[in-house]
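Reviewing the structure listed below.
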Amino acid sequence: MAIRSLAQKTGDSRTSTRKPRQNFETWSWYFMRISGLVLFFLALFHFFIMHILNDVTATNVTFVATRWKNPIWRLLDWLLLALGLLHGSNGLRFIMDDYIRKPAKRVVVKSVVYGIAIIMFIYGTLTIVTFKG
Amino acid sequence: MSPKSATIYKGKTGQWAFVLHRITGFLVFMFILLHVVDISTINSPHVYDAIHRLYGNVFLRLFEVGLLFGLTYHALNGLRVIMIDFFPGAIKNEKQLFYFMFSLSLLLTVIGGVIILRPFFTGSTH
Ligand code: HEM
């Protein structure tokens, strides 16, 4: 990924004879870096609170109910869900493009992976939004 | 460069950094899927609390430490990739940066691991 994108940015003639232009891959390249930076704080902060400051066995229903009384925590947890799934499925897209060579198989596997990601996004969002406490 | 030496690319630090980044990214993604399901049981408090007691089991605590390593390595190496992409000077220190980020993720995993596994050693859990 990095190499292809660098070639796009610099118009490296060995890999690209066309002039660099803004396309989906350029956008995706920036997205991985920006979402990565946001996730750096969101994910590590989340792990620190839920697994280091508190023991896993202490993060029970009462714990979550208290936390989710504050909409900011619901929003942060939802952001982690949304960005994690988007960044992760885009990352999985690179992996699938690299290792699945047969076009038909690639379409099938990608559809399954994207389908699972979308279902998990909806399912997770419902959990965060509908919890009454 | 002959085609052979151009295509055979073996084990320089950058490649190991990439392979580990890919594996940890994949595994953390798999964990998110599992995590969405376990949190969704929150509306059945008994199930949710039973699952979280189960997470206190020593094997699942070890799994938690594994997740800590996967996450810290991916996060820190991701930062290294971003630095190399945006700061022209960083590529010169790419190797040292890898050793630094890798060691830092190991260090954080060991410190976090001691905290996560402590209840098991002090016998305050099963
Ligand atoms: C915690 C902060 C994170 C940072 C700083 C980060 C950074 C990055 C960056 C910069 C890339 C692109 C690498 C490239 O283009 O060569 C990437 C790829 C990837 N990330 Fe993350 N990421 C983070 C969290 C996550 C999480 C939570 C997941 C899983 C849900 C994830 C899954 C992936 C996957 C599967 C790839 C593709 C790997 C590949 O192409 O080999 N990342 N990450």
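On a predicted model such as this, the values are computed, not experimentally measured, just so you know. Atom set for the values below is all heavy atoms of this structure, side chains included, hydrogens, waters and symmetry mates excluded. All chains are named by letter (A, B, ...) in the order of the sequence lines, taking the proteins before the strands, and each is independently numbered beginning at 1.
In this structure, the portions of Val56(A) lying under 4.5 Å from any heavy atom of chain B include both its backbone and its side chain. Only the side chain of Leu92(A) comes within contact range of chain B, with heavy atoms under 4.5 Å apart. Of the two parts of Phe47(A), only the side chain, counted from C-beta on, holds a non-hydrogen atom closer than 4.5 Å to a non-hydrogen atom of chain B. Contacts of Ile84(B) with chain A are absent, with no heavy-atom separation under 4.5 Å from either backbone or side chain. The contact between Asn60(A) and chain B is made by backbone and side chain atoms together, counting heavy-atom distances below 4.5 Å. Contact of Leu76(B) with chain A is made through backbone and side chain together, with heavy-atom distances under 4.5 Å.
The heavy-atom pair separating Tyr123(A) from Val37(B) by the smallest distance is CE2-CA, 4.4 Å. Minimum heavy-atom separation, Gly112(B) to Ile52(A): CA-CD1, 3.7 Å. Taking both residues in full, the closest heavy atoms of Val36(B) and Met120(A) are given as CG1-O, 3.7 Å, listed atom of the first, atom of the second, then distance. Scanning all heavy atoms of the two residues, the minimum distance from Leu85(A) to Leu33(B) falls at CD2-CD2, 4.1 Å. Considering all non-hydrogen atoms of both residues, Ala117(A) and Phe29(B) come closest at CB-CZ, 4.5 Å.
Hydrophobic clustering, with ILVMFWY side chains joined whenever heavy atoms are under 4.5 angstrom apart, keeps Leu20(B) apart from Phe40(A). The hydrophobic clustering, which links ILVMFWY residues whose side-chain heavy atoms are closer than 4.5 Å, places Phe98(B) and Ile82(B) apart. A chain of hydrophobic side-chain contacts below 4.5 Å, direct or via other Ile, Leu, Val, Met, Phe, Trp or Tyr residues, connects Leu54(B) to Leu34(B).
Rounded to the nearest 0.5 Å, atoms CG (Leu81(A)) and NE2 (His35(B)) are 9.5 Å apart. The CZ atom of Arg33(A) sits 13.5 Å away from atom CE of Met83(B), with the distance rounded to the nearest 0.5 Å. In this structure, NE2 on His74(B) lies 4.0 Å from NE2 on His87(A), to the nearest 0.5 angstrom. Of the inter-residue distances, the one linking Met32(A) atom CE with Asp85(B) atom CG reads 12.0 Å to the nearest 0.5 angstrom. The NE2 atom of His51(A) sits 9.0 Å away from atom CG of Leu71(B), with the distance rounded to the nearest 0.5 Å.
When Asn43(B), Leu68(B), Thr72(B), Ile115(B) are compared by the number of non-hydrogen pairs under 4.5 Å with chain A, Leu68(B) comes out ahead. Contact count versus chain A (heavy atoms, under 4.5 Å) is highest, among Asp49(B), Leu79(B), Ile39(B), for Asp49(B). Heavy-atom pairs under 4.5 Å with chain A were tallied for Ile42(B), Ile32(B), Val28(B); the largest tally goes to Ile42(B).
Note: Phe86(B) and Tyr30(A) have tilted aromatic rings, judged against thresholds of 30 and 60 degrees for the angle between ring planes.
Residues Tyr55(B) and Thr57(A) bring no donor and acceptor atom of their side chains to less than 3.5 Å of each other.
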Salt bridge (Lys or Arg N to Asp or Glu O under 4.0 Å) evaluation trace for Arg118(B) with Asp55(A):
CA-CA 10 Å; Arg118(B) 194 175 45 197; Asp55(A) 192 71; over 6 Å; no
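Residue-environment remark: CZ (Phe31(A)) exceeds the threshold of 12 foreign heavy atoms within 6.0 Å.
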